[in-house]
Amino acid sequence: MGRAEERRARQRGGRRAAPPTRSSGTPSEGIAPGGRAAARKAAARGKKGTKNGKSGKSGIRRLFTWKKILGTFLGFCLLGIGAFIVMYMMIAVPKGNADAQKQSNIYEYSDGSVMARVGDKNREIVDLSEVPKEVQRTFVAAENKTFYTDSGVDLKGTARGLLNTLSGKGKQGGSTITQQYVKNYYLDQDQTVTRKLKELVISLKVDRTTSKDKILAGYINTSYYGRGAYGIQAAAQDYYRVDAKKLSVEQGAYLAALLQAPSQYDWAVASPTGKKLVTARWNYVLDNMVKQGWLDKTERDAMKFPVPKTPKAAPGLEGQKGYLVKLANQQLEKQLVKTQGITQDEAEARVENSGWTITLNIDKKKQSKLEKSVKTQLISKLDPKKRTVDKNVQAGAVSVDPKTGRIVALYGGQDYTKHYISNANRTDYQPASTFKPVILAAALENASETQSGKAIGANTIYDGTSKRQVVDSNGNKVGFAPENEDDHSYGKQVTVQTAMNQSINSVFAQMGVDVGMDKVLETATKLGMDTGKLRPLPAYTLGTMGASPLQMAAVYATLDNHGKQVTPSILKTAEHGGTAVQLPDPIGEQVISPKAADTVTSVLTGVVADGTAKVSVAENPARDGRKVAGKTGTSDDNLSAWFTGYTPDLVTSVGLFGEDAKTGAQTKLYKTAGLDRVNGGGFPAQIWATYTFGVAATNTKFDLDTDQGAAVQPTWTPTPSATPSETPSETPSETPSETPSETPSETPSETPSQTPSQSAPTGQQSTPVGTSTSPLNPFDPNAGQ
């Protein structure tokens with residue numbers, strides 16, 4: 001081997017440049033000097049890639065080569081393509097079933113007798129030529145801008161939907177108008193992989209064999225628009241009282257926007273957030289039309305949001321039936337969303353007119369008695385022709401069995417066909433002083449103490465001076481000094497029992513701070529209130545958040561049930577196609593201790609025996625010895641008045657609300673039926689007593705585990721002394737406490753068509769009753785009466 005060849009061998013790192021050498025170190029035959037060194041270096045380089053004489057490539061690297069990975073991937077792709085071809089050949093386009101699925105729902109009383117039959121399907125098919133071209137395009141702009149050019153499927157959206165279904169996330173991910181039409185007309189709303197795959201295949205076939213106009217017509221005629229309306233003709237009538245052919249572009253854009261979330265976007269029942277969302281969606285639709293060249297920008301800029309008409313009730317739902325049916329549907333839909341992984345709107349479409357047999361917990365005798373009580377104790381005393389204010393009085397009530405959680409009677413308004421909003425579960429009015437027992441329950445449950453270190457209980461002493469500054473644990477003022485009713489001061493030494501009897505705001509405002517408002521709101525949630533995202537502010541001690549008779553019935557039922565949570569249910573059974581839906585147990589876990597709950601009950605018996613409900617309830621001749629606990633409430637500026645009370649076997653919450661008969665805005669109840677003011681101890685307590693004393697058992701007693709309160713000891717007010725035992729510091733704080741900056745962020749199950757005017761607290765002392773300029777201001781001095 002020559003030198004040139006040796007160099008090439010060394011450069012290659014091969015062994016040809018380093019043949020075996022002799023031990024003597026003398027040059028080998030035929031090898032030039034220096035060859036051994038080169039050979040050793042080459043050998044060293046060769047060994048770097050080995051281990052124990054084996055190849056440097058590990059078994060894993062040999063297994064996962066890029067060729068094998070690519071081959072595997074291509075194999076899976078071929079298998080998927082093959083599987084899809086097989087599915088495409090095997091899955092045929094079925095006959096349409098949208099009409100066949102719609103049939104009457106039957107609603108029964110608890111004894112099985114039929115209450116209502118609802119289900120003449122609200123659908124009228126119209127030809128696409130009867131829908132203005134611009135209105136047709138609003139749906140395309142809202143749902144599928146590429147509708148006229150695509151193949152009928154959105155592969156990315158479908159893949160996303162499949163992944164979400166497999167991962168249990170439910171419906172998330174878009175689909176084309178064709179796919180939605182196929183789901184509505186040929187399939188169902190089930191969130192399963194099988195259904196989604198069928199939807200994909202059928203959509204491809206339908207797009208190949210059906211014109212785009214026919215698909216669009218099918219889509220707008222089969223979609224669910226809320227209010228029980230299927231199809232654009234029914235929706236046009238329900239929302240705007242016109243035929244589809246007379247819809248404007250603005251109205252069409254609203255109906256197109258509505259399809260995304262009918263139950264949330266229906267203007268009549270939408271929350272403030274829902275109204276903002278549907279308005280944004282409406283703007284999105286029109287802006288897309290401009291971008292697509294379907295609408296002139298100048299014309300679009302001049303358009304105003306078309307507020308829909310109020311809903312019309314379906315035939316057969318007059319009186320209280322509509323309110324009962326609506327709550328039953330809402331609770332069933334909620335259960336379907338929870339158990340079947342579908343959206344609220346899919347659940348609503350599945351329940352409406354779909355052949356359900358639904359048995360309610362409503363007791364016919366109790367329901368009749370409640371309706372009669374409202375009529376005799378309130379409606380008969382109103383004269384709208386004589387007093388304008390009498391037109392604006394709305395009543396709502398819910399009655400619950402605390403042992404089972406069953407809603408046995410409900411009053412939603414004078415007539416569902418005339419007042420669509422159910423007063424029984426609307427959450428836009430203040431519960432006022434009916435919230436005070438929650439503060440006491442929180443104090444007892446958390447073993448809270450006054451600022452002088454004394455345990456809070458029925459006999460704890462507080463300062464009952466009106467407009468007394470509330471102070472924190474450091475003795476600093478928190479910027480909150482609520483006025484008692486009529487600015488009455490009860491002295492510097494009143495017991496908690498007396499404060500509850502007389503509904504003394506100054507006492508409970510201080511107690512809430514002593515307990516900690518975070519703990520108060522936590523207890524409220526456990527007891528059954530929807531506190532949403534309320535911040536722990538002292539102002540809420542006066543019950544200035546929103547609540548419904550249904551929520552307050554839940555709170556008091558939990559107290560009556562010794563602290564074991566009660567979630568009132570109107571559903572007894574729900575069956576569809578021979579299969580019954582598994583309903584949740586209305587009785588839940590122990591949320592506060594029996595002793596805390598029983599102590600609150602004991603204290604609330606004093607409100608009836610020697611407080612604001614004494615005349616209407618305790619001294620009612622029909623009482624017949626029944627044991628009663630309860631609390632009155634009259635909100636700021638007399639916008640609402642309440643009585644929520646209970647016997648050992650029945651809990652009922654009654655609320656009166658001032659609502660403008662034309663606009664739906666909140667109004668004052670002053671001068672109702674000729675009275676100066678409507679208090680909780682008036683009409684609400686009278687309705688409660690007439691109903692309860694006509695249906696509740698007479699021989700039951702509260703089985704209380706407590707040694708406190710009016711039920712086990714007489715109401716006691718100590719003799720004033722020279723040195724009060726509880727005199728909180730009046731030292732002002734250098735840094736005022738934070739005042740509320742937002743109103744309760746709840747999403748009510750029933751919200752009136754207007755946006756509640758819940759003004760944010762300002763931290764300033766407000767004016768007396770009758771002169772407040774901010775009716776829902778939590779800092780108003782009379783908000784908690």
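Treat the numbers as computed from the prediction; the structure is a model and nothing was measured. Each residue takes its place number in the sequence, starting with 1.
- Asp266 pairs by the salt bridge (Lys or Arg N to Asp or Glu O under 4.0 Å) definition with Arg227, not counting sequence neighbours.
- In summary, Asp243 and Lys245 do not engage in a salt bridge, as defined by a charged side-chain N under 4.0 Å from a carboxylate O.
- Using a 3.5 Å distance cut-off with no hydrogens or angles, the side chains of Gln260 and Tyr265 do pair a donor with an acceptor.
- Scanning all heavy atoms of the two residues, the minimum distance from Ser110 to Thr359 falls at CA-CG2, 4.2 Å.
- Within the 4.5 Å cutoff, the side chain of Val351 has heavy atoms near those of the Glu333 side chain.
- Between Glu659 and Arg426 there is a salt bridge, since at least one side-chain N of the basic residue sits less than 4.0 Å from a carboxylate O of the acidic one.
- Under the ring-ring contact (aromatic ring centres under 6.0 Å, His included) criterion, Phe305 pairs with Tyr254, Trp267, Trp282, not counting sequence neighbours.
- In terms of heavy-atom proximity, Leu247 sits nearest to Val135 at O-CG2, 3.6 Å.
- Looking only at atom types and distance, the side chain of Ser548 has no donor-acceptor partner in the side chain of Thr427 under 3.5 Å away.
- Atom NZ of Lys133 has more than 12 heavy atoms from other residues, nucleotides or ligands within 6.0 Å.
- Stacking of Lys326 on the aromatic ring of Tyr420 is recorded, both the 6.0 Å distance cut-off and the 45° axial limit being met.
- Within the structure, ring pair (Phe, Tyr, Trp, His ring centres under 6.0 Å) pairs that include any residue of residues 124-153 do not occur (at least two apart or interchain).
- Counted by atom type alone, Thr298 and Asp301 present zero donor-acceptor pairs between their side chains at under 3.5 Å.
- The pair Lys214-Asp127 fails the salt-bridge criterion, with no side-chain N (NZ, NE, NH1 or NH2) lying under 4.0 Å from an Asp/Glu carboxylate O.
- Not counting sequence neighbours, Asp213 has no partner by the salt bridge (Lys or Arg N to Asp or Glu O under 4.0 Å) test.
- Asp111 pairs by the salt bridge (Lys or Arg N to Asp or Glu O under 4.0 Å) definition with nothing, not counting sequence neighbours.
- Atom CZ of Arg117 has 12 or fewer heavy atoms from other residues, nucleotides or ligands within 6.0 Å.
- For Tyr224, the ring-ring contact (aromatic ring centres under 6.0 Å, His included) criterion is met by Tyr230, not counting sequence neighbours.
- At distances below 3.5 Å, at least one donor-acceptor pair connects side-chain atoms of Tyr240 with backbone N or O atoms of Pro306.
- Remark: the backbone N or O of Ile232 is not paired with any side-chain donor or acceptor of Asn221 at under 3.5 angstrom.
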